[in-house]
Amino acid sequence: MFNWLKNKLGLNRRTLPRDADRDISFFQEKAAEEKLSGNLEANLNKIQEAGGFSYDISIRRFMAGSLPGALVYLEGLTDRRSTEEIIRTLVLESEKTKTVLKRGRGLESAREKLLTADELSPVENIADLFAGIARGGAALFLDGSPGALICDTREPKTRPVSEPENETTLRGPRDGFIENLRTNTSLLRLRLPIPQLWIETMTIGRLSRTEVALVYLKGLARETLVREVHFRLQQIEIDAILGTGYLEDFIEDNPFTLFPLTYRTERPDKVTAALLEGRVAILAGETPFALIVPTELPMLMQAPDDYYEPLPTAIFIRLLRYTALVTSLLLPGFYVAVVTFHPELLPTSLFLRIISTREGVPFPVVAEMLILELILEILREAGLRLPPAIGPAISIVGALILGDAAIRAGLVSPGVVIIVALTAIAGFSTPNYALSASFRLLRFAFTILGAAFGLFGLQFALLLTIIHLCSLRSFGIPYLSPLAPLILPDLKDSFITVWWWGMRSRPKLLGGREPLRQPPGQKPQPGPGPEKPRKKRR
């Protein structure tokens with residue numbers, strides 16, 4: 001009876017903290033509205049309460065002349081030497097230089113006369129203060145001065161600049177982007193040391209507050225394109241941006257397509273070349289991948305070595321790459337369609353050989369093809385997730401053992417194994433991973449239609465794919481340009497390439513503000529040679 005009465009009166013309920021039932025939006029608004037006053041102790045209490053008294057919030061107290069002060073930073077994100085230098089400057093240099101830090105103007109005097117940090121940013125609320133110290137800054141407080149001063153004390157803890165593993169080259173540059181936005185923009189500055197390289201930054205993500213950079217060449221990129229990219233980025237409202245893949249989903253023109261509408265790369269030389277064509281690059285903090293927009297399908301088939309190798313070699317490799325792409329898409333469906341519906345297209349001896357190898361196989365040829373394709377995709381995924389030292393070895397051994405065992409057991413025929421292996425090898429030649437993944441998915445649809453309707457099904461699937469590609473746009477630019485619409489001058493760098501002295505113009509749909517790259521008449525030719533001495537007349 002007594003317990004029942006206590007429950008009714010609420011005496012058995014635990015007393016929760018005042019803000020325990022609040023959501024994160026409340027705390028965000030509270031942090032943005034919580035102003036920093038001129039009372040040092042009150043400010044430090046606000047910071048501790050807002051951060052939940054976290055162990056990594058460090059507070060260093062000191063006396064700057066007659067004013068009490070404090071330096072607030074996060075352990076592990078700041079350089080200890082930089083923080084010690086700030087405190088030493090405020091404590092000792094103020095006495096040496098006879099600088100008087102007056103109450104109420106202490107931060108202003110310290111900023112103008114004492115501190116020598118690269119960046120000094122005033123903040124007025126708790127939200128901006130935590131955003132500053134979370135990027136490696138230290139917040140300086142002086143009693144009597146409202147607000148705080150964020151000093152640049154970052155300790156760079158990023159990996160060194162190295163060649164991207166997924167975009168290797170034989171003769172091109174060996175540097176790649178890393179997980180540091182300032183380092184990535186500096187790599188572009190080294191290649192384009194001109195003031196027209198404009199870099200606009202914005203913060204996206206309510207919780208992550210990720211710094212995103214919009215890079216373009218002023219006067220070369222179309223203003224409508226720059227405004228459109230800027231508008232789409234500003235419309236993003238999400239908790240966190242942990243990579244450019246998050247941005248990609250928000251800014252692409254058609255999210256219901258298999259094909260990539262933005263170009264992802266880790267190579268600064270690719271981004272620089274795209275900027276010189278009038279495109280726009282998007283970089284984000286804490287990710288080594290940059291996005292290039294707009295993007296066309298021929299652009300995804302270009303590799304860095306195409307521009308560093310001799311022209312005949314570059315043309316042959318690029319045409320071979322397109323041939324391999326079409327082969328990887330059509331070969332499985334073509335084999336299934338011919339064996340199932342159109343055996344008359346094969347020589348009689350070859351067809352009889354294929355039929356003899358399929359004796360005892362319990363599955364139709366389409367089931368064999370789909371099963372082996374699925375096994376290949378599983379092996380590919382397993383090879384990516386395993387450690388680099390053993391991943392390729394296990395993938396190769398697994399494919400050999402499974403293929404040989406399946407043939408010996410009579411589950412699949414040797415012809416299907418050969419077709420799947422050729423398809424996989426052809427697919428590896430695609431330089432862009434996102435495009436390769438798109439064609440791998442399409443391959444299953446082409447195989448099923450080939451098994452259902454023969455070559456007519458393949459023709460129908462190919463026609464639908466081409467129609468879909470023609471309907472795609474990347475920031476308003478046709479995805480199949482310069483083939484559809486046909487722009488003859490731009491074909492010089494699509495399916496083939498030409499000498500650099502022959503590519504006089506930029507892409508017509510992008511570089512219209514400055515269409516010419518270089519003046520004419522730069523084809524190599526012999527010089528005038530040494531001037532012959534004139535014969536003296538007698």
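Remember, predicted model here, so these are calculated numbers, not experimental data. Nothing fancy with the numbering, it's 1 onward along the sequence.
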Would you confirm whether Glu248, through its side chain, and Gly243, through its main-chain N or O, come within 3.5 Å as a donor-acceptor pair? no
Heavy-atom side-chain contact between Ser58 and Val72 under 4.5 Å: no
When you measure from the side chain of Ser474 to the backbone N and O of Glu296, does any donor-acceptor pair fall under 3.5 Å? no
Look up atom CD1 in Ile241 and atom CD1 in Ile236, then write down how far apart they are to the nearest 0.5 Å. 5.5 Å
With a 4.0 Å cut-off on N to O distance, would you call Asp253 and Arg473 a salt bridge? no
Does any non-hydrogen side-chain atom of Arg111 lie less than 4.5 Å from one of Leu149? yes
For a quick test of reading the model, state the closest non-hydrogen atom pair linking Ala70 to Leu40 and the distance between them. CB-CD1, 3.9 Å
A quick test of your reading: do over 12 heavy atoms of other residues, nucleotides or ligands sit less than 6.0 Å from CD of Glu34? yes
Short N-O contact, Glu84 and Arg60, less than 4.0 angstrom: yes
Atom OH in Tyr73, atom CD1 in Ile86: separation rounded to 0.5 Å? 10.5 Å
Under a 3.5 Å distance rule, please check whether Asp306 uses its side chain to pair with a backbone N or O of Ala303 as donor and acceptor. yes
Crowded around Phe53 CZ? As in, over 12 foreign heavy atoms under 6.0 Å? yes
Check ion pair Asp305-Arg318 (N to O, under 4.0 angstrom): no
Spacing of OG1 belonging to Thr430 relative to CE belonging to Met301, to within rounding of 0.5 Å: 5.0 Å
How about His230 and Arg227: do any of their side-chain heavy atoms sit closer than 4.5 Å? no
For the student: nearest non-hydrogen atoms of Met63 and Pro68, plus distance: SD-CA, 3.6 Å
Is the shortest heavy-atom distance from the side chain of Ile251 to the side chain of Val229 under 4.5 Å? no
Run the salt-bridge test on Arg80 and Glu75 with the 4.0 Å N-O cut-off and return the result as yes or no. yes
For Gln518, is the CD atom crowded, meaning more than 12 foreign heavy atoms sit under 6.0 Å from it? yes
Do Lys46 side-chain atoms and Glu41 backbone N/O form a donor-acceptor pair below 3.5 Å? no
Determine whether a donor-acceptor pair (N or O, by modelled atom type, separation under 3.5 Å) exists between the side chain of Ser481 and the backbone of Pro478. yes
Validation: residues 193-205 side-chain donor-acceptor distances under 3.5 Å, sequence neighbours left out:
unit_1: Trp198; atom_1: NE1; unit_2: Pro195; atom_2: O; d: 3.3
unit_1: Glu200; atom_1: OE2; unit_2: Tyr216; atom_2: OH; d: 2.6

Can any side-chain N or O of Thr168 pair as donor or acceptor with the backbone N or O of Glu165 at less than 3.5 Å? no
Where Pro294 and Arg279 come nearest, the two heavy atoms and their spacing: O-NH1, 2.8 Å
Whether Arg206 and Glu237 form a salt bridge (side-chain N of Lys/Arg under 4.0 Å from carboxylate O of Asp/Glu) is what I want to check. no
Would you please test Arg267 and Thr169 for side-chain contact (heavy atoms from CB on, under 4.5 Å) and show each step? CA-CA 10 Å; Arg267 299 188 60 91; Thr169 181; 3.4 Å; yes
Go through Phe141 and Leu71 one step at a time and tell me if the side-chain contact (heavy atoms from CB on, under 4.5 Å) criterion holds. CA-CA 6 Å; Phe141 291 91; Leu71 200 65; over 6 Å; no
If we count only N and O atoms by modelled type, under 3.5 Å, do the side chains of Gln302 and Tyr307 hold a donor and an acceptor together? yes
Return yes if some donor-acceptor pair links the side-chain N/O of Thr272 with the main-chain N/O of Arg191 below 3.5 Å, else return no. no
Does CD in Gln235 sit with more than 12 non-hydrogen atoms of other residues, nucleotides or ligands closer than 6.0 Å? yes
Carboxylate-amine/guanidinium proximity below 4.0 Å for Arg506 and Glu514: no
Side chain to side chain, Thr423 and Leu376, heavy atoms closer than 4.5 Å: no
Just how far is it from atom CG of Asn432 to atom CG of Leu297, taken to the nearest 0.5 Å? 9.5 Å
With distance as the sole test, does Ser429 use its side chain to make a donor-acceptor pair with the main-chain N or O of Ile425 at under 3.5 Å? no
Taking the side chain as every heavy atom from C-beta outward, state whether Pro507 and Leu509 have any atom pair closer than 4.5 Å. no
Counting distance only, does the side-chain N/O of Asn39 pair as donor-acceptor with the main-chain N or O of Asp143 below 3.5 Å? no
State, to 0.1 Å, how close Arg443 and Ser328 come at their nearest heavy-atom pair, and which atoms those are. NE-O, 2.8 Å
Backbone N/O of Thr265 and side chain of Glu167: donor-acceptor pair under 3.5 Å: no
Between the side chains of Asp152 and Arg135, is the shortest nitrogen-to-carboxylate-oxygen separation below 4.0 Å, so that they form an ion pair? no
CD-CD1 distance between Glu286 and Ile178, expressed to the nearest 0.5 angstrom: 11.0 Å
May I have the step-by-step check of side chain to side chain donor-acceptor pair (under 3.5 Å) for Asn254 and Tyr479, ending in yes or no? CA-CA 11 Å; Asn254 185 1; Tyr479 196 56; over 6 Å; no
Hey, are the side chains of Phe444 and Leu374 touching, using non-hydrogen atoms and a 4.5 Å cut-off? yes
Does the side chain of Tyr308 come under 3.5 Å of the side chain of Asp269 through a donor N or O and an acceptor N or O? yes
Here the gap from Leu261 atom CG to Thr295 atom OG1, rounded to the nearest 0.5 Å, amounts to 7.5 Å
Ala434 and Arg264: which non-hydrogen atoms are nearest, and at how many Å? CB-NH2, 2.8 Å
Please lay out, stage by stage, how His468 and Phe259 fare under the test side-chain contact (heavy atoms from CB on, under 4.5 Å). CA-CA 10 Å; His468 177 66; Phe259 298 94; 3.9 Å; yes
Under 6.0 Å from the ring centre and within 45 degrees of the ring axis: does the NZ or CZ of Arg232 meet both conditions for the six-membered ring of Phe475? yes
Non-hydrogen atoms of Leu283 and Ala290 that approach each other most closely: CG-CB, 4.0 Å
Stepwise side-chain contact (heavy atoms from CB on, under 4.5 Å) test for Met299 and Ile292: CA-CA 10 Å; Met299 179 181 173; Ile292 300 174; 3.7 Å; yes
Is there a donor-acceptor contact under 3.5 Å linking the side chains of Ser145 and Glu108? no
Please examine the side chains of Asp493 and Met503, heavy atoms only from C-beta on, and report whether any two atoms are closer than 4.5 Å. yes
